[in-house]
Undergrad: 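Structure below; questions to follow.
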Amino acid sequence: MAPSSETLTRRLVTGLWINWMMAFGSIALVLAFPFFMAKSWMPLPVLAVSYMLLVYSRRESQDDTPGCVLTLRVAMLTLFWSAVAMMVINFLNSSMMFDGAIDWSTSNHDIPYITGLVVFPVMMCICLWMKIRGYNTRFCRNCMARNGFFPGNGVVSSLYSRESRYQVSLLLCLSVALSAVEWWYYFYYYINVNMNTPDRFFFNYMPISIYLLSLYFMWMRYTNLAAIIGPISSNNNERDSEVRYLILAGDQIKLVPGDSNRWDTPARSEVNPAQFITDEDARKEFTRLSGCTEFVLKFLYASKAHDMHGDVLHYATFIPEEHRDNGWLPGQWFTLDQVDRLMKTARLSAELSDEIYRIFTITMAWKTYDRNGRRLYPIKHYRPTFRFRDFKDWDVDYGDTSWLDVADNNEDRPFFRTRRLWRRFTGILDR
């Protein structure tokens, strides 16, 4: 028996708290490492924690009820680049390498760096980068394409859109505050001889205490959110599946203004999945919606509904060009260039934007590379054509999200083989 929307929402909201616990907790764990090991060995366990976050976030994104792992990604990148910075500092601090070239009179080989002075500035930079890029990163776009979490589309999606940004913003504020306090203490009070009790308080105990307080704060926040949003989701989002049709004729697609004056397909409706299981059912439903009888139907893919309690079935319908102005459905015809401009100015609905992104990305990857990311043509950075009129003839499975990975890592991207080896090592390519 499928869980209710209220139960499912509570589970997803709890997942937000767990992600915060894992993300900020990994930073706190790294700050505790100096109590047990020498600084020269610190990069190795930091990289290990970063790798564990990568594996955990990968497992979460492939779960039956996937959630947003943006905060986990921030922590993973923070620890990775912090480990790189630590290795560079250890290398520069090696008197064997630079003895005689650098004045080491003020250096302490046992304490070449303070962990917090490395981690928090790096986290601040990563958070700023995420805030500036928003959901335009390839990572976020591919995640939304796989899991159907569109910002602003329904209660659960709006929750994840807002809370993932909120968590990144909170990490940014904490990293700025802790960086400022720790660097202030370092310049005015720290003596590079040993770590006394005030040093440990500012560099270790204080950040760990803030992490523990944040756990309580976030737990109360998400407990209240679950109590409020669960019934709302149950009342508003309990529904059957939804079917969506992209209407194309020649090199144009038909759109109509929707919510918030954003353009969307004019052909969409809710259906009972028990009574909607074949392409013939899809044909009948489109004929009922539009009154059109002459068209070619193509199934694209199925995705989860925004409340994770149903499916969204995506179809494309191809109308003969001579019949496109019959007026059987409201809307306007747009070319591919016009759709691209609408998407770049955020004037498409979240669902349509995701459909266009997924179709274009998978098609271009399928036409350019094989499944291993190697070029099909001996021309570097070759870009094949993408035309709406050719859409119905493309024999590609849009439900196969492995093409999104091919688009992300291929022979035309730097360090292709290294990145592919790393993805095999971390299990990202094991689908």
Side-chain angles (χ1 to χ4, degrees), residues 19-54 56-57 71-95 97-98 102 104 106-130 167-168 170-215:
N19 285 351
W20 174 265
M21 178 185 68
M22 295 288 293
F24 198 9
S26 64
I27 305 296
L29 178 63
V30 167
L31 295 177
F33 282 165
F35 294 137
F36 311 105
M37 65 183 65
K39 294 287 186 178
S40 58
W41 293 101
M42 276 284 292
L44 296 179
V46 173
L47 284 175
V49 175
S50 177
Y51 172 75
M52 287 189 289
L53 282 176
L54 176 64
Y56 177 78
S57 63
T71 311
L72 294 173
R73 184 169 177 82
V74 169
M76 180 196 71
L77 292 174
T78 296
L79 294 181
F80 174 79
W81 289 112
S82 296
V84 172
M86 292 174 187
M87 286 188 286
V88 171
I89 295 173
N90 282 336
F91 181 75
L92 294 176
N93 195 58
S94 174
S95 58
M97 297 294 298
F98 295 97
I102 298 178
W104 297 106
T106 60
S107 174
N108 185 339
H109 292 292
D110 294 329
I111 312 177
Y113 57 85
I114 305 298
T115 307
L117 298 183
V118 175
V119 172
F120 292 123
V122 171
M123 183 165 70
M124 178 178 64
C125 294
I126 298 296
C127 290
L128 279 173
W129 180 74
M130 288 291 185
Q167 288 189 359
V168 173
L170 186 56
L171 283 178
L172 175 61
C173 293
L174 290 174
S175 62
V176 170
L178 289 170
S179 295
V181 170
E182 292 198 359
W183 277 102
W184 165 79
Y185 180 84
Y186 177 81
F187 282 119
Y188 283 94
Y189 297 101
Y190 177 69
I191 299 174
N192 193 19
V193 175
N194 55 26
M195 295 290 287
N196 55 35
T197 300
D199 296 339
R200 292 191 180 93
F201 172 78
F202 278 94
F203 295 137
N204 303 105
Y205 299 139
M206 180 185 66
I208 294 175
S209 299
I210 291 175
Y211 162 67
L212 295 176
L213 289 174
S214 75
L215 283 182

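Please read these numbers as outputs of a predicted model, since none were measured by experiment.
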Undergrad: Tyr189 and ring-ring contact (aromatic ring centres under 6.0 Å, His included): which single residue from Phe202, Trp184, Trp183, Phe203 fits?
TA: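 The ring-ring contact (aromatic ring centres under 6.0 Å, His included) with Tyr189 is passed solely by Trp184 among Phe202, Trp184, Trp183, Phe203.
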Undergrad: Does the side chain of Leu171 come within less than 4.5 Å of Met124's, by heavy atoms?
TA: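 No, their side chains stay 4.5 Å or more apart.
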Undergrad: Which pair of non-hydrogen atoms, one from Gly116 and one from Pro121, has the smallest distance, and what is that distance?
TA: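 Scanning both residues completely, I find the closest heavy atoms to be O-CD, 3.6 Å.
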Undergrad: Please round to the nearest 0.5 Å and tell me the distance separating atom CD1 of Ile27 and atom CG of Leu178.
TA: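 Ile27 CD1 to Leu178 CG: 11.0 Å, rounded to 0.5 Å.
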Undergrad: Is the distance between the ring centroids of Phe35 and Tyr205 under 6.0 Å?
TA: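 Yes; Tyr205 has its ring centre under 6.0 Å from that of Phe35.
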Undergrad: Does Phe201 offer a backbone N or O that forms a donor-acceptor pair with the side chain of Asn204 under 3.5 Å?
TA: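 Answer holds: no.
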Undergrad: To the closest 0.5 Å, what do you measure between CG (Leu128) and CE (Met123)?
TA: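 Answer for the CG-CE pair, Leu128 versus Met123, is 11.0 Å.
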Undergrad: Please report the closest heavy-atom contact between Met76 and Leu53, naming both atoms and the distance.
TA: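 Shortest heavy-atom contact: N-CD1, 3.8 Å.
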Undergrad: If we only count heavy atoms from C-beta on, is the Met86 to Thr115 side-chain gap below 4.5 Å?
TA: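 Yes, side chains in contact.
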Undergrad: Below 4.5 Å, heavy atoms only, C-beta onward: do Cys127 and Val74 meet side chain to side chain?
TA: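 Contact flag for Cys127/Val74 side chains = yes.
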Undergrad: Which heavy atom in Val122 sits nearest to a heavy atom in Thr78, and how many Å separate them?
TA: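 Of all heavy-atom pairs spanning Val122 and Thr78, the closest is CG1-O, 3.6 Å.
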Undergrad: To the nearest 0.5 Å, what is the distance between CE (Met42) and CG (Leu47)?
TA: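 Interatomic distance, Met42 CE to Leu47 CG, rounded to 0.5 Å: 10.5 Å.
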Undergrad: Which distance, rounded to the nearest 0.5 Å, do you find between the CE of Met130 and the OG1 of Thr71?
TA: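 That separation rounds to 9.5 Å.
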Undergrad: Identify the two heavy atoms, one from Leu79 and one from Val46, that lie closest to each other, and give their separation to 0.1 Å.
TA: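 Taking Leu79 first and Val46 second, the nearest heavy atoms are O-CG1, 3.2 Å.
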Undergrad: Looking at side-chain heavy atoms only, is the closest gap between Ile89 and Val118 below 4.5 Å?
TA: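 They are in contact (side-chain heavy atoms under 4.5 Å apart), so the answer is yes.
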Undergrad: Check whether any side-chain heavy atom of Tyr185 lies under 4.5 Å from a side-chain heavy atom of Asp199, and answer yes or no.
TA: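 Tyr185 reaches Asp199 side chain to side chain.
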Undergrad: Taking CZ in Phe33 as the centre, count heavy atoms belonging to other residues, nucleotides or ligands within less than 6.0 Å. Is the count above 12?
TA: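 Yes, the 6.0 Å shell around CZ holds more than 12 heavy atoms from other groups.
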Undergrad: Give me the atom names and distance for the closest heavy-atom approach of Phe120 to Ser179.
TA: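 Answer, listing the atom of Phe120 first, then Ser179: CB-OG, 3.2 Å.
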Undergrad: How far apart are the C-alpha atoms of Ser214 and Trp20, what are their side-chain angles, what is the distance that settles it, and do they pass the side chain to side chain donor-acceptor pair (under 3.5 Å) test?
TA: CA-CA 9 Å; Ser214 75; Trp20 174 265; 3.1 Å; yes
Undergrad: With a 4.5 Å limit on heavy-atom distance, are the side chains of Leu44 and Met87 in contact?
TA: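 No. Closest side-chain heavy atoms not under 4.5 Å.
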Undergrad: Flag the pair Phe24 / Leu174 as yes when at least one side-chain heavy-atom distance between them is below 4.5 Å, and no otherwise.
TA: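 Yes, close enough: below the 4.5 Å cut-off.
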Undergrad: Could you give the distance from CD1 (Ile126) to CH2 (Trp129), rounded to the nearest 0.5 Å?
TA: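 Here the rounded value is 7.5 Å.
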Undergrad: Quick check for you: to the nearest 0.5 Å, what is the distance between Ile114 atom CD1 and Glu182 atom CD?
TA: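 Taking CD1 in Ile114 and CD in Glu182, the distance rounds to 8.5 Å.
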Undergrad: Pro43 and Ser40: which non-hydrogen atoms are nearest, and at how many Å?
TA: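 So the minimum-distance heavy-atom pair works out to CD-O, 3.8 Å.
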Undergrad: State yes or no: are the ring centers of Tyr186 and Tyr190 separated by less than 6.0 Å?
TA: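 Between Tyr186 and Tyr190, the centre distance is under 6.0 Å.
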